[in-house]
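Okay, structure first, notes after.
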Number of protein chains: 2
Amino acid sequence: MDRNIAAKFIDYQVSCKDCCMANVCLPLGLSAVELDQLMKIIDRQSPMSRGEHLFQIGEPHKSLYAVRSGSIKVYIPTEGGEEQVHRFILPGELLGFDAIEGGKHTCAAVALETTSVCAFPYHRLEKLCHTFQGLDHELHRLFGKEIANEHDLLQLLAKKSAEARLASFLLDLSNRLKKRGFSEREFNLTMSRHDISNHLGLAVETVSRLFARFQNEGLLTVRRRHIQLQNMPEIKELFVNVSPTTSKRRIAPANRKGNIGGSYRLRKVKAAQV
Amino acid sequence: MDRNIAAKFIDYQVSCKDCCMANVCLPLGLSAVELDQLMKIIDRQSPMSRGEHLFQIGEPHKSLYAVRSGSIKVYIPTEGGEEQVHRFILPGELLGFDAIEGGKHTCAAVALETTSVCAFPYHRLEKLCHTFQGLDHELHRLFGKEIANEHDLLQLLAKKSAEARLASFLLDLSNRLKKRGFSEREFNLTMSRHDISNHLGLAVETVSRLFARFQNEGLLTVRRRHIQLQNMPEIKELFVNVSPTTSKRRIAPANRKGNIGGSYRLRKVKAAQV
DNA sequence: AAGCCGCCTTGATCTGGATCAAGAAATCTG
DNA sequence: CAGATTTCTTGATCCAGATCAAGGCGGCTT
C-alpha cells in the first residue's frame, strides 16, 4: 500500500496532464503530441527547502523553470550586500528568462518555503520549438507576458504612491492566486515585510504602517503574514489613484490643508479642523 | 544623375546589408541565406514626421519594428490624459514586443523627429523562425534583451535617487549612441524635459535643476537640448550611488548636517558651517 | 519687431515617505 | 523555558523632491 501511494505520487509528479498547474503553466495550449514531447525534456528537480537557491547571479543559463508548488523570490544582489527584490513566483509561473540574452543569470532565485520546480533545459526547448510551431508560439507568448509584467511594475514604481503600491501588490497577488485555484481573499504571505517593501521600493516601516492603516479603514485584516481582503473594490480604488507626482485630486482637496496629522493618519477621519 | 542618386537611395533603403544599423539590428548574427529571407518580409514604411504615431494603444499587433533613423517615444496613456513615458527608441533598436501576449498594443509609439522604420510582420516572422533556427534564436535573444532592459529600468526607479536617475539616463543614451556609431559625449536630446522627467519618475523642475547642478559641477555642458558630457567617470559615480532609501553614505556624512542649503545646492561647495 | 506660445529655468514652500529610535511579538536555540 | 535573535510595529523627526509661482528664452506668426 505504501509503495502504491509512493508510485502514485511519483507518477503525479511526472505528468503535466495531472499537474494541477497545467492550465496556467507552459503546457497550456499545446497539442497532446507537443505535450508528450515537452514532458520528455522536463528535468524534475528535488524539492527545495526554504532559503535554498534555484540559481545564483552569474551562473550559466541552463533552463527555464516552472514552479510546481511553493514560492520563489527573484532578486538582484547589489554591491554592498543589499538586494533588490524583483518579483515573487507562484505555482504555475515561469522564471529564468533573464539569462537568455547574456547566457548568464542576471539575478538570483531563492525558495521562500518548501518549493518544487520543473526545469526545461533551454537548448532542448529551443530545439523542440523548431519541430512544434505551437510550442514556439507559446514560448513567444510567455516572453511577451514577461515583458508585459515588467511594464506594469515599471508603471507602478515610476508613478504610484506608497498606498497604491501596496494595494497593487495585494491585488496582483490575489489575482494570481485566484487563477491558480486558491482563495483570492485570504492567503498567507510567504515573504517578509522586508522583501515586500524592497520589492515596492519603500521602507519597511511604511509598509507596516500601511497595513495598519488599511486594517483600520476596514479594507483588510492582517495578522503578521496572514491576510484577508475585506473590501476589494475599495482596495482597487487606491490602486487606480496615481501618485502625488501626477495627480491632482486624492482625498477631498478641500481637506488637504486641514489634514495636518500627516500622511499616516486615517484618510476616513472627518477632518475636525475644516 | 538625379535618378541615379534616387535609385541608389532606394536601394540603400531596401537592403539590410547596406543599412548602417545592420550590426546592431535584428539581422545581426544571421547567415546570408537567413538574411535574404528576412529581407523579403520586411515592410518598409514611409518616413514618419514628428508627432506621427507608429501605433496607438489597443491597436492589433501586426509587426515588430526596427528604427532605421530618427527616434521614437514609447508611452502608455493613462486615464486622465496623463501619460507614462516608457522608453525611447534609437536607430537600430526594436519595438513592438509589448503586444505579443495579448495581440493588442499595450502602449503607443510616436515619432520624436522625422523617423523611418522597418516593419517585420509578426506572423511571417514566426513562420520564418520555423525554417531558420538562427532567426528564432536571435529573436529569443532579443526578447531576453528586452526583458533585461526592463530589469535595469526597474532597478533604477525602485531604488535610485533623482541624480542617479538622470545620470543613468544620460549614460545609457551615451552608450547606445556610441554602439550606433554616434558620439558618446555630445548629442542632442530629441525628447523634451517633460518626457525625460516623466520617464524617470521625476518632476520637470527637478530634471531642470539637476541639469543646472551637473553643469555647475563641471560634469557636463547643457544648452537646451544639446548635451556634452565632460566628465563621464564622475557621472558614472553618481549612477553607482544608490538611493537615499537604501544607502548609508552619500556625500561626506560629516557634512550632512552642515548642508542646510537643501538638496538643490551644489555638492562640491565646501560646507562653511562644518 | 512685436506679440504669442510652448518650452525651460529658478525660487519658495510643502509634504510623503525615509530615517532614527524604541519597544513588542514571534521564532530560534540550547 | 529563559535568553537571544529576528521580524514587525509604532512614534518622532527629517529631508529629497514635489508643487506652486514667476519669469526668461527661443521660435513662429503676421
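Order of the sequence lines sets the chain letters (A, B, ...), proteins ahead of strands, with each chain counted from 1.
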Please compare A/R224 and A/V207 by the position of their nearest nucleotide in DNA chain C and report the one closer to 5'. A/V207
Please give, in whole Å, the distance from [N] [atom2] to [X] [atom1]?
X: B/E163; N: D/dG17; atom1: CD; atom2: P; result: 8 Å
X: A/R213; N: D/dT9; atom1: CZ; atom2: C1'; result: 16 Å
X: A/N188; N: D/dC8; atom1: CG; atom2: C1'; result: 16 Å
X: B/E205; N: C/dT13; atom1: CD; atom2: P; result: 16 Å
X: A/H194; N: D/dT9; atom1: NE2; atom2: P; result: 15 Å
X: B/Q215; N: C/dT10; atom1: CD; atom2: C1'; result: 14 Å
X: B/F214; N: C/dT9; atom1: CZ; atom2: P; result: 13 Å
X: A/R223; N: C/dA24; atom1: CZ; atom2: P; result: 16 Å

Side-chain N,O (B/T206) to OP1/OP2 (D/dA18) below 4.0 Å: yes
Residue A/A212, side-chain heavy atoms: nucleotide from D/dT10, D/dA18, C/dT10 that is nearest: D/dT10
Of the listed nucleotides (C/dC7, C/dG17, D/dT9), which one gets closest to any side-chain atom of A/A162? C/dG17
With a non-hydrogen cut-off below 4.0 angstrom, is A/S208 in contact with a base, only sugar-phosphate, or nothing? base
Would you indicate what A/R165 reaches in the nucleic acid, counting non-hydrogen atoms under 4.0 angstrom: base, sugar-phosphate, or nothing? nothing
Pairwise distance OG(B/S197) to CD(B/E205) - rounded to 0.5 angstrom: 8.0 Å
Under 3.5 Å, is there a donor-acceptor pair between the B/T221 and B/Q215 side chains? no
Per the atom types in the model, does the base of C/dG11 pair as donor or acceptor with the side chain of B/R209 at under 3.5 Å? yes
Could you tell me if the ring centre of B/H86 sits under 6.0 Å from that of B/Y75? no
Close side-chain approach of B/Y65 to B/Q45, heavy-atom, < 4.5 Å: yes
Give me the ring orientation class for A/H105 and A/F55: parallel if the planes are under 30° apart, tilted from 30 to 60°, perpendicular past 60°. parallel
